[in-house]
Amino acid sequence: MVDVLLGLQWGDEGKGKIVDYLAPDYDVVARFQGGPNAGHTLNIDGRRIVLHTIPSGVFHDRPLNLIGNGVVIDPCEFKKEVDELTQTGIDLNKKLLISQKAHLILPTHRMLDSASEKSKGAGKIGSTLKGIGPAYMDKTGRNGIRVGDLFSDNFRNRYDQLKQKHLELLGSAPQDFDLQKMEEEFWQGIEVIRSFNCVRGEYFINTQLHQGKKVLAEGAQGSMLDIDFGTYPFVTSSNTITAAACTGLGIPPTSIREVIGIIKAYCTRVGGGPFPTELTDETGELMRKEGHEFGATTGRPRRCGWLDLVAVNYTIMLNGVTKIVITKADVLNVFEEVKVCSSYRTGHEDSHQIPFDINTASIIPQYEPLAGWKTNHSMKSADDLPGSLSDFVRFVAEKTKTAVSMISIGAGRDQLVVL
Ligand code: GDP
Ligand code: IMO
Ligand code: MG
């Protein structure tokens with residue numbers, strides 16, 4: 001059976017930490033979409049490690065880790081990640097497999113991403129500029145190159161043809177890129193990918209399932225960044241919801257058991273696009289400071305605001321969430337009072353739904369105030385939670401009609417209370 005773990009907000013909910021915590025219970029941890037736009041932070045023995053393409057189960061002995069067909073891989077970024085992990089003493093070759101059907105990000109995809117953002121001017125998406133959009137465009141446009149193609153004789157030709165097509169689209173190679181250097185890194189990265197076990201991922205994972213093995217599917221980004229259901233066009237270029245675990249791994253929907261939805265106790269977003277509960281005042285500034293809210297991939301400051309249960313209920317609906325994990329509760333320690341948005345006021349109406357025109361609608365979030373927990377003491381079990389934090393958890397569970405299974409109270413691996 002498969003459990004799916006994914007973010008219910010705009011990304012960076014702390015998925016990496018929770019996957020790392022749960023991984024020893026699984027035989028396989030598999031990424032199913034996205035690419036190096038993701039930054040999943042793990043804290044291992046006081047060291048901060050950020051994973052972009054590699055699943056967050058690699059720091060344990062038990063699970064094998066699969067990069068699924070739904071992922072787009074940049075060989076340059078992948079090599080950097082492999083080098084960093086190898087330096088920490090991890091033997092990745094034994095525990096990482098790559099689907100032959102995963103698509104590659106070419107250096108010119110990154111150039112196209114940058115050109116697309118520039119052409120949008122003030123309306124830019126705020127992309128991580130990792131080439132994600134252009135790579136998925138080539139996938140759906142049926143021009144893409146896949147990991148399995150690396151082993152064929154005409155790979156170089158295929159690469160040259162696609163690169164040429166991109167350069168024609170661009171008009172000329174943009175001056176702010178050193179394409180030659182990017183290509184050198186690309187070919188080194190290709191050799192690194194070749195050295196891994198590149199498998200028919202869909203057969204691998206279904207064989208595991210038939211043997212009764214347990215799979216954890218690790219989502220990237222967040223459901224509000226989903227290409228269909230997110231705040232389009234301010235979204236990423238893949239489906240990020242539970243359904244994508246099926247298409248991004250080749251597993252049947254009937255194999256999915258639990259869907260674990262991760263939320264922060266507040267909310268963040270990086271890049272452009274609507275964010276109804278955003279706080280542009282000193283409260284938001286304090287959240288950013290306390291939560292160290294700076295992008296794990298780009299270092300950009302993240303926009304901060306109160307927890308938005310209209311958005312969370314929407315993504316619980318889309319994903320079929322069976323359990324919620326709340327992260328970063330400790331970040332709100334500084335507040336006497338915390339707020340939670342339970343409806344949107346548009347005009348004279350209060351609504352519990354995300355409007356189609358969320359990008360342009362004037363939305364006034366309706367908040368319910370709750371007492372802050374103002375606590376610094378360490379908590380190991382549900383009994384240690386201060387009353388106001390228990391009340392917050394109960395409030396979220398009631399308003400979402402979903403059980404809260406864990407609460408994370410620090411970035412460290414064990415700073416987690418199982419409820
Ligand atoms: P992901 O993309 O969903 O894996 O999340 P990121 O790694 O981008 O961002 C989450 C950040 O919060 C990372 O820096 C984590 O180390 C950190 N973090 C995770 N859980 C907690 C928590 O409970 N408390 C605090 N203070 N930090 C946390
Ligand atoms: P993880 O997995 C937060 C955002 C970008 C931008 C938009 C499109 O770490 O939660 P893209 O590079 O995909 O073209 O960017 O999506 N974005 C993320 N925001 N966390 C992520 O991943 C993100 N991946 C993409 O900031 O607004
Ligand atoms: Mg992240």
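None of the values given here were measured: they were computed from a predicted structure. Counting starts at 1 for both ligands and their atoms, in listed order.
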Under 3.5 Å: N/O of [X] near N/O of ligand 2:
| X | answer |
| --- | --- |
| Asp12 | yes |
| Ser127 | yes |
| Ser237 | no |
| Gly271 | no |
| Gly39 | yes |

Open item on the list: If the cut-off is 4.0 Å to any non-hydrogen atom of Leu225, which atoms of ligand 2 fall inside it?
Closed with: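 In order of numbering, the contacting atoms are 4 (C), 16 (O), 17 (N), 18 (C), 19 (N).
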Open item on the list: Using a 4.0 Å cutoff against the non-hydrogen atoms of Trp10, which atoms of ligand 2 qualify?
Closed with: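 Numbered from 1, ligand 2 contributes 3 (C), 19 (N).
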Task: Of the listed options Gly126, Ala38, Gly35, closest to atom 6 (C) of ligand 2 (non-hydrogen atoms) - done: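 It is Gly126 that holds the nearest heavy atom.
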Task: Distance filter under 4.0 Å to Val331 heavy atoms, resulting ligand 1 atoms - done: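 Going through ligand 1 atom by atom, the ones under 4.0 Å from Val331 are 26 (N).
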For [X], which part has a heavy atom under 4.0 Å from ligand 1: side chain, backbone, both, or neither?
| X | answer |
| --- | --- |
| Arg302 | side chain |
| Lys17 | side chain |
| Asn43 | side chain |

What do you reckon, does [X] put a non-hydrogen atom under 4.0 Å from ligand 2?
| X | answer |
| --- | --- |
| Lys130 | no |
| Lys15 | yes |
| Arg300 | yes |
| Gly133 | no |
| Thr297 | no |

- [ ] Kindly confirm whether the Mg ion (ligand 3) is within less than 2.8 Å of some N/O/S atom in Gly39?
- [x]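 Checking the Mg ion (ligand 3) against Gly39, an N, O or S atom does fall under 2.8 Å.
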TODO: Applying side chain to side chain contact (heavy atoms under 4.5 Å, CB included) between Leu85 and each of Ile54, Asp91, Leu96, report the one that passes.
DONE: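 The single option meeting the side chain to side chain contact (heavy atoms under 4.5 Å, CB included) with Leu85 is Ile54.
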Open item on the list: Considering both backbone and side-chain atoms of Thr41, is one of its nitrogen or oxygen atoms within less than 3.5 Å of a nitrogen or oxygen in ligand 1?
Closed with: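 The answer is yes, given that Thr41 and ligand 1 share an N or O pair closer than 3.5 Å.
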